[in-house]
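Here's the structure, in structure tokens; my notes come after.
For the single chain, residues carry numbers from 1 onward in sequence order.
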Amino acid sequence: LTAAQAIPSARWVLMSQLPVAEAYLPVHNLLHNVGVAAAMVSLLAVLLSAWVIRRQLAPMREAATALALQSQADRAPEPLPEHGPDELGELISGFNRLVATLGERERALRDSEFRWKFAIEGAGDGLWDWDLPAHRTYYSRAWKSMLGCDDAEIGNDPQEWAARVHPEDRAAAEAALDDHLQGRSEVYAHEHRLRCQDGRYKWILGRGVVVARGAQGEPLRVLGTHTDITARRAAADALQQSHELLMRVINAVPARVFWKDTDLRYLG
């Protein structure tokens, strides 16, 4: 920076020079100090904001950790730890109330399921529960023992049933089941033979009903029972054979024979 001033009486020109860096040094120092102060204030604000946010979100982080542990342990949902009466506290409190309600409903459902399973298996029937989307079927212990099998000898594949149906009965049994799945019959009910573990066949009355359908009406879940009717079928077959034998005897007798059953009917 240069400044000049004329002195007429002396016929001089007075000039003053100052380096720019030296002239603006106070300004540069001021800007530097302001920048350092602003950086420190900004860093302090960031650290303070991070601490505040971390403190405010700590309950949410604890809740997420607790939920993750519960899901990994395959446990029923448990109440989360509650904190202050802020918005997050109200959210966790609402979640805990929902968990309590769901727990009560689950216990009621479990008790109800236990009662109807006990009633079915107490009557000697086997229970099956078919989850179609998962391609999995639950077979009760009574269902397996009816065929002379232990729990470990029969899995959860729906083919466990189909593979044991007598070849002569398989087409009719599958057709009756498909009619119900497609909604052409109100319930599934069919008598067929199932192969036991020792290779013998038992007559089984299979019954079931679709308890859940999808948005397009597709079956999602079917509950049913198996009843051992081997003795009843044997008695019916024996009665039929006795009747046929009696008819052959009657037809072979030349004389006229009458059978009294509320009235007299001519048989031969």
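In this structure, R195 CZ and I204 CD1 are separated by 13.0 Å, a value rounded to the nearest 0.5 Å. Atom CG of L47 is separated from atom CG of L43 by 4.5 Å, given to the nearest 0.5 angstrom. Of the inter-residue distances, the one linking E160 atom CD with C149 atom SG reads 8.5 Å to the nearest 0.5 angstrom. One finds the CG atom of L132 at 6.0 Å from the CG atom of L181 (value rounded to the nearest 0.5 Å).
Judged as a side chain to side chain donor-acceptor pair (under 3.5 Å), the pairs with a partner in residues 203-213 (not counting sequence neighbours) are, in order, R207-T227. Screening residues 17-35 for side chain to side chain donor-acceptor pair (under 3.5 Å) gives no qualifying pairs among residues at least two apart or on separate chains. Note on residues 142-159: pairs passing salt bridge (Lys or Arg N to Asp or Glu O under 4.0 Å), not counting sequence neighbours, are R141-D151.
At a threshold of 4.5 Å between non-hydrogen side-chain atoms, the residues D169 and E174 do not count as touching. Looking only at side-chain heavy atoms (C-beta outward), Y139 and L127 stay at 4.5 Å or farther from each other. Between V13 and I7 there is no side-chain heavy-atom pair separated by less than 4.5 Å. Between V222 and V209, every side-chain heavy-atom pair lies at or beyond the 4.5 Å cut-off. Looking at E186 and H180, their side chains never come closer than 4.5 Å, going by heavy atoms from C-beta outward. In this structure the side chain of S16 never reaches within 4.5 angstrom of the side chain of T2, judged on heavy atoms. Looking at heavy atoms from C-beta onward, Y188 lies out of side-chain contact with V210 at the 4.5 angstrom threshold.
Between D131 and R221 there is no salt bridge, since none of the side-chain N atoms of the basic residue sits less than 4.0 Å from a carboxylate O of the acidic one.
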Practice task
Give the intermediate values and the outcome of side chain to side chain contact (heavy atoms under 4.5 Å, CB included) for residues L223 and W128.
Solution key: CA-CA 6 Å; L223 286 177; W128 53 275; over 6 Å; no

Problem - Worked check of salt bridge (Lys or Arg N to Asp or Glu O under 4.0 Å) between R136 and D129 - result: CA-CA 8 Å; R136 183 177 62 249; D129 186 347; over 6 Å; no

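In the hydrophobic clustering, V41 connects to no other residue, as no ILVMFWY side-chain heavy atoms lie under 4.5 Å from its own.
Q197 places no side-chain N or O within 3.5 Å of a backbone atom of L147 that could act as its donor or acceptor partner. A distance-only check finds no donor-acceptor pair linking the side chain of T137 to the backbone of W130 [under 3.5 Å]. Checked by atom type and distance alone, the side chain of S145 never pairs as donor or acceptor with a backbone atom of G148 at under 3.5 Å. With hydrogens and angles disregarded, no donor-acceptor distance shorter than 3.5 Å links the side chain of K202 to the backbone of I229.
No continuous path of ILVMFWY side-chain contacts below 4.5 Å connects L18 to V20, so the two sit in separate hydrophobic clusters. No continuous path of ILVMFWY side-chain contacts below 4.5 Å connects L205 to V187, so the two sit in separate hydrophobic clusters.
Legend: residues meeting side chain to side chain donor-acceptor pair (under 3.5 Å) with Q5, ordered by chain and number and at least two apart, are absent. The ring-ring contact (aromatic ring centres under 6.0 Å, His included) check on H166 picks up Y201, with sequence neighbours excluded.
The aromatic rings of H190 and H192 lie parallel to each other, with less than 30° between the two planes, well short of the 60° mark.
A 6.0 Å sphere centred on CZ of R184 holds more than 12 heavy atoms belonging to other residues, nucleotides or ligands.
Of all heavy-atom pairs between G126 and M146, the closest is N-CE, 3.5 Å.
Between R193 and the choices R170, R233, E168, the side chain to side chain contact (heavy atoms under 4.5 Å, CB included) rule is met once, by E168.
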